[in-house]
Amino acid sequence: MINKKFETIKIKKISKDVVLLTLNRKEFSNSFNTKMAEEIYVFFEDMNINNYFEARCLVITGSGDKAFCAGGDLKERLGMEVSTWKKQHLIFEKMIKSIIECQIPIIGAINGAAIGGGCEIVAALDFSFASENANFAQTEVKVGIIPGIGGTQNLAKCIGLKKAKELILTGRIFSSHEALEFGLINGIFKKEELMKNVLKYAEMISSNAPIAIRQAKKAIDKGYNLSISDGMFFEIECYSKTIDTNDRLEGIKSFNEKRKPEFKGN
């Protein structure tokens with residue numbers, strides 16, 4: 001699968017442990033049609049099952065400098081039969097589920113407009129940074145639908161219930177500075193410096209013990225909706241899975257030897 005040629009996304013190994021996924025339909029503002037949703041799903045399923053790049057961190061961005069992702073391709077949907085629409089949406093659902101269930105951290109490099117489903121993708125990532133020119137919106141109610149790939153759920157968890165209601169029910173566009181204020185993104189960079197800075201974070205993550213990173217992500221994600229006592233119980237389950245690893249031994253040893261650890265992921 002490592003040599004698979006995709007039509008709508010580009011996969012590039014940036015370093016030994018970091019992979020870049022680029023949404024590659026620039027002429028359509030990187031909106032996802034059926035083909036792109038299928039290819040994103042295939043890529044993430046392979047990552048989740050096989051991790052064929054042996055990656056420790058993934059970065060996702062859009063091609064060009066105007067749009068990260070404009071959501072579902074409404075031109076493809078023009079005149080679409082209800083049955084076909086529903087079948088297509090099942091693919092969209094599989095796409096977002098495969099992203100959410102990715103075992104390694106995913107950082108967004110939001111290089112432009114993230115509208116509709118594009119904004120939903122941002123909310124589904126582990127965390128994101130945006131360029132100054134980026135903007136965001138959940139515009140679904142303006143075309144007679146609602147967010148359907150987790151937007152009503154993930155956006156509320158990111159920014160709070162009342163702010164999510166405001167943005168989803170009005171469909172208004174909001175800036176990268178507002179997105180930072182609301183908590184949807186973690187920082188803003190000049191567009192020419194965005195990728196360089198995002199990759200710094202990816203390298204920081206990938207330099208840490210990979211099993212510990214995966215278990216920490218799992219503990220945060222799964223424990224978020226639990227009570228504090230149940231969440232702490234689940235945290236201990238995840239913690240215990242790091243104790244028997246060689247990485248744990250290497251981490252303690254390197255600390256005492258005052259050197260950089262060499263984590264192998266075992």
Side-chain angles (χ1 to χ4, degrees), residues 1 4-12 19-48 58-102 106-126 128 130-131 134-155 158 167-168 171 173 179 184-185 198:
M1 183 62 70
K4 180 176 177 60
K5 299 296 183 182
F6 294 108
E7 295 179 19
T8 65
I9 59 176
K10 292 191 297 185
I11 311 300
K12 180 179 180 181
V19 169
L20 174 65
L21 185 157
T22 302
L23 307 178
N24 192 33
R25 298 184 76 229
K26 183 169 62 175
E27 65 276 23
F28 301 103
S29 298
N30 300 316
S31 60
F32 48 86
N33 58 3
T34 304
K35 184 68 173 178
M36 178 184 274
E38 288 175 339
E39 292 190 340
I40 293 172
Y41 167 74
V42 167
F43 170 78
F44 274 101
E45 279 298 283
D46 226 9
M47 285 290 291
N48 291 335
L58 179 70
V59 174
I60 181 169
T61 194
S63 60
D65 59 4
K66 293 183 179 180
F68 167 70
C69 175
D73 187 342
L74 297 184
K75 291 184 178 179
E76 183 184 47
R77 284 178 153 182
L78 182 63
M80 186 178 283
E81 296 288 337
V82 170
S83 59
T84 305
W85 185 296
K86 290 182 177 180
K87 288 178 181 177
Q88 182 197 53
H89 201 269
L90 288 174
I91 298 171
F92 290 178
E93 292 169 38
K94 289 169 66 177
M95 172 193 72
I96 201 69
K97 185 179 179 182
S98 68
I99 293 173
I100 291 171
E101 293 180 351
C102 184
I106 312 173
I107 308 175
I110 314 306
N111 57 308
I115 308 298
C119 190
E120 290 182 275
I121 289 175
V122 176
L125 303 179
D126 291 303
S128 299
S131 59
N135 53 45
F136 305 79
Q138 294 289 173
T139 55
E140 287 84 353
V141 295
K142 292 181 176 292
V143 294
I145 55 176
I146 70 168
I149 52 171
T152 62
Q153 306 305 302
N154 290 323
L155 189 64
C158 284
L167 298 177
I168 291 172
I173 295 174
L184 179 59
I185 61 173
V198 171

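Here S128 pairs with nothing under the side-chain hydrogen bond (donor to acceptor under 3.5 Å, both in side chains) rule; sequence neighbours left out.
When only modelled atom types and interatomic distance are considered, T34 and Q88 share a side-chain donor-acceptor pair under 3.5 Å. With 3.5 Å as the limit, one finds a donor-acceptor pair spanning the side chains of N30 and S63. If you check the side chains of R25 and S31, you find a donor sitting under 3.5 Å from an acceptor.
The closest side-chain heavy-atom distance from L78 to K75 is not below 4.5 Å. The shortest distance between side-chain heavy atoms of L167 and Q138 does not fall below 4.5 Å. Side-chain contact check for Y41 versus I96: every heavy-atom pair is 4.5 Å or farther apart. Side-chain contact between V19 and V59 is absent, with no heavy atoms from C-beta onward closer than 4.5 Å. A 4.5 Å side-chain heavy-atom check between T8 and L23 finds every atom pair outside the cut-off. K12 places none of its side-chain heavy atoms less than 4.5 Å from the side chain of T22. Taking 4.5 Å as the limit, some side-chain heavy atom of P147 sits within range of a side-chain heavy atom of I168. Residues I60 and I106 have side chains in contact (heavy-atom distance under 4.5 Å, counting atoms from C-beta outward).
Scanning all heavy atoms of the two residues, the minimum distance from F68 to A109 falls at CD1-O, 4.1 Å. Residue I91 comes nearest to A37 through the heavy atom pair CG2-CB, 3.8 Å, listed as atom of the first residue, atom of the second, then distance. Heavy atoms only, all atoms of each residue included: M36 and I9 are closest at CG-CG2, 4.3 Å. Smallest separation of non-hydrogen atoms from S131 and G112: OG-N, 3.9 Å.
For the atom pair NZ of K5 and CD1 of I11, the computed distance is 11.5 Å after rounding to the nearest 0.5 Å. Between K35 atom NZ and F6 atom CZ the span is 9.5 Å, to the nearest 0.5 Å. Put simply, CG on L184 and CZ on F136 are 5.5 Å apart, with the number rounded to the nearest 0.5 Å. Separation of atoms CZ (F43) and SG (C102) is listed at 7.5 Å; rounding is to 0.5 Å. Atom NZ of K94 and atom CD1 of I40 lie 13.5 Å apart (nearest 0.5 Å).
Between the side chain of N48 and the backbone N or O of F44, at least one donor-acceptor pair lies under 3.5 Å. Side chain of N111 to main chain of G62: a donor-acceptor pair is present (N/O by atom type, distance under 3.5 Å, no hydrogens or angles).
The stretch residues 76-87 participates, sequence neighbours left out, in no salt bridge (Lys or Arg N to Asp or Glu O under 4.0 Å) pair at all.
For the side chain to side chain contact (heavy atoms under 4.5 Å, CB included) test with L125, the passing option among I185, I99, N154, L58 is I99; the others fail.
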Give the table of side-chain donor-acceptor pairs shorter than 3.5 Å for residues 115-123, with sequence neighbours excluded, one pair per line with atom names and distance.
unit_1: E120; atom_1: OE2; unit_2: G148; atom_2: N; d: 3.3
unit_1: E120; atom_1: OE2; unit_2: I149; atom_2: N; d: 2.8
unit_1: E120; atom_1: OE2; unit_2: G150; atom_2: N; d: 3.4
unit_1: E120; atom_1: OE2; unit_2: G151; atom_2: N; d: 2.8

